S.K.: 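Okay, handing you the structure first.
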Amino acid sequence: MSDSLQAKHGRIELVLGNIVEQAVDAIVNAANTKLAGGGGVDGAIHRAAGPKLLEECLRLPADEEGRRCPTGDVRVTGAGNLPARYVIHAVGPVYNERYADKARRQLREVHERALAAAAAKGCRSVAFPAISTGAYRFPLGEAAPIALAAAQEHLRQATSVQLVRFVLFSPPQLEVFRAALKALAGPEGV
Ligand code: ADP
């Protein structure tokens with residue numbers, strides 16, 4: 001099936017849907033450095049989770065400018081009223097063509113760290129949105145292979161994570177991820 005790829009320790013899956021509805025151990029939020037909520041998927045997650053999520057975020061330590069998580073890094077909280085147990089707040093890079101290499105590196109890193117954080121909590125299933133591809137303008141066609149390769153790499157090691165689900169918000173987005181997953185699977189396909 002084109003929407004799923006089996007790796008050594010777990011499976012990568014693509015679905016069309018809304019991240020807030022995913023009944024997985026952890027959902028990943030495309031957050032900003034302040035972790036104080038925002039638009040896009042961040043806003044949707046906070047609305048669905050209820051005020052407890054924001055309260056928990058605001059209790060995390062902040063620097064003088066109110067930043068609670070640097071770009072490329074993650075913080076873990078509970079999930080309020082969501083079906084998930086944890087929210088992994090992941091701060092992806094804002095895409096800038098002049099520093100595209102740095103943005104690619106940070107996008108890869110933020111996926112690796114989100115998966116490592118999920119594994120540290122013993123999560124078996126994790127759902128990701130397409131981090132940085134909305135307001136942060138990372139081209140989807142470039143972001144998809146980076147996100148999927150990070151998931152594949154994580155699942156090559158021993159990990160509690162058995163399912164990495166990418167939740168795409170529109171059919172065209174899903175198509176881009178499908179093509180990238182097919183390329184990742186190689187000529188034999190899986
Ligand atoms: P960023 O600031 O990291 O770019 P955005 O929230 O603007 O984050 O967008 C990230 C991606 O999440 C976009 O591709 C957008 O289409 C998608 N998205 C928005 N809302 C949801 C949702 N409820 N579930 C899944 N994906 C979503």
Side-chain angles (χ1 to χ4, degrees), residues 3-4 12-50 53-54 57 66-77 79-100 102-115 117-118 125-151 163-181:
D3 289 351
S4 157
I12 301 172
E13 181 180 275
L14 310 180
V15 301
L16 182 64
N18 187 334
I19 193 116
V20 307
E21 293 167 4
Q22 305 302 310
V24 287
D25 292 327
I27 65 164
V28 179
N29 181 14
N32 56 58
T33 56
K34 298 195 169 173
L35 303 190
V41 72
D42 195 1
I45 289 173
H46 276 278
R47 278 192 300 278
L53 182 62
L54 185 60
C57 287
R67 287 186 295 242
R68 293 185 173 79
C69 182
T71 300
D73 212 344
V74 303
R75 296 290 182 271
V76 182
T77 65
N81 299 328
L82 295 170
R85 287 162 56 206
Y86 301 105
V87 176
I88 300 173
H89 304 268
V91 183
V94 177
Y95 189 81
N96 177 338
E97 235 168 49
R98 290 173 61 195
Y99 306 104
K102 185 176 178 193
R104 286 187 206 108
R105 232 180 13 254
Q106 288 177 322
L107 190 68
R108 169 83 187 208
E109 204 167 76
V110 83
H111 283 83
E112 289 169 357
R113 288 182 174 162
L115 289 161
S125 51
V126 188
F128 280 85
I131 297 175
S132 286
T133 66
Y136 283 4
R137 300 185 309 275
F138 207 115
L140 192 64
E142 273 193 58
I146 293 172
L148 292 169
L163 173 66
V164 181
R165 178 181 293 161
F166 287 90
V167 182
L168 291 322
F169 208 42
S170 69
Q173 238 182 29
L174 176 61
E175 283 312 314
V176 173
F177 266 73
R178 267 188 184 140
L181 190 67

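Counting starts at 1 for both ligands and their atoms, in listed order. Just so it is clear, the model here is predicted, and its values are computed rather than measured.
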S.K.: Pairs of nitrogen or oxygen atoms closer than 3.5 Å, one from Gly134 and one from ligand 1: do any exist?
M.R.: yes
S.K.: Indicate yes or no: at least one non-hydrogen side-chain atom of Glu13 is less than 4.5 angstrom from one of Asp3.
M.R.: no
S.K.: Considering only heavy atoms of Gly40, which atoms of ligand 1 have at least one such atom less than 4.0 Å away?
M.R.: 6 (O)
S.K.: Return the residue, atom name and 0.1 Å-rounded distance of the protein heavy atom closest to atom 7 (O) of ligand 1.
M.R.: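 Going by distance alone, atom 7 (O) of ligand 1 is nearest to Ala135 N, 2.8 Å.
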S.K.: Side chain or backbone, does Pro129 bring an N or O within less than 3.5 Å of an N or O on ligand 1?
M.R.: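 In fact, backbone or side chain, Pro129 has no N or O that close.
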S.K.: Between Ser132 and Pro93 (side chain of the first, backbone of the second, donor and acceptor by atom type, cut-off under 3.5 Å), is there such a pair?
M.R.: yes
S.K.: What protein heavy atom sits nearest atom 20 (N) of ligand 1, and how far off is it?
M.R.: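 Closest protein heavy atom to atom 20 (N) of ligand 1: Phe169 CE2, 3.5 Å.
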S.K.: Output yes when the distance from some N or O of ligand 1 to some N or O of Ala44 is under 3.5 Å, and no in every other case.
M.R.: no
S.K.: Taking the side chain from Asp42 and the backbone from Ala31, do they hold a donor-acceptor pair closer than 3.5 Å?
M.R.: no
S.K.: Would you say Asn18 touches ligand 1, if touching means a heavy atom closer than 4.0 Å?
M.R.: yes
S.K.: Run down the list Leu168, Thr133, Ile19, Asn29 and name the one with the heavy atom closest to atom 25 (C) of ligand 1.
M.R.: Ile19
S.K.: If I take atom CG from residue Leu140 and atom CZ from residue Phe177, how far apart are they, to the nearest 0.5 angstrom?
M.R.: 5.5 Å
S.K.: Leu115 and Ala150: which non-hydrogen atoms are nearest, and at how many Å?
M.R.: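 Shortest heavy-atom separation between Leu115 and Ala150 comes out as CD1-O, 3.9 Å.
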S.K.: What do you reckon, does Tyr136 have a nitrogen or oxygen under 3.5 Å from a nitrogen or oxygen of ligand 1?
M.R.: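 Between Tyr136 and ligand 1, an N or O pair is found under 3.5 Å apart.
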S.K.: Of Asn29, Ile27, Val28, which meets side chain to side chain contact (heavy atoms under 4.5 Å, CB included) against Ile88?
M.R.: Val28
S.K.: Is there a polar contact between ligand 1 and Gln173, counting only N or O atoms under 3.5 Å apart?
M.R.: yes
S.K.: Counting non-hydrogen protein atoms only, what is the nearest one to atom 6 (O) of ligand 1? Give residue, atom name and distance.
M.R.: Val41 N, 2.8 Å
S.K.: Which residue holds the protein heavy atom closest to atom 3 (O) of ligand 1, what is that atom called, and what is the gap in Å?
M.R.: Ser132 N, 2.8 Å
S.K.: Suppose we call two aromatic rings close when their centres sit under 6.0 Å apart. Are Tyr136 and Tyr95 close by that rule?
M.R.: no
S.K.: Under 3.5 Å, N or O to N or O, is Ala30 touching ligand 1 that way?
M.R.: no
S.K.: What heavy-atom pair brings Val167 and Ile19 nearest, and what distance separates the two atoms?
M.R.: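 Here Val167 and Ile19 meet closest at CG1-N, 3.7 Å.
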S.K.: Return the closest protein heavy atom for atom 10 (C) of ligand 1 as residue, atom name and distance.
M.R.: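 In this structure, atom 10 (C) of ligand 1 has Ala130 O, 3.3 Å as its nearest protein heavy atom.
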S.K.: Does the salt bridge (Lys or Arg N to Asp or Glu O under 4.0 Å) test come out yes or no for Arg105 and Glu109, once each step is laid out?
M.R.: CA-CA 6 Å; Arg105 232 180 13 254; Glu109 204 167 76; over 6 Å; no
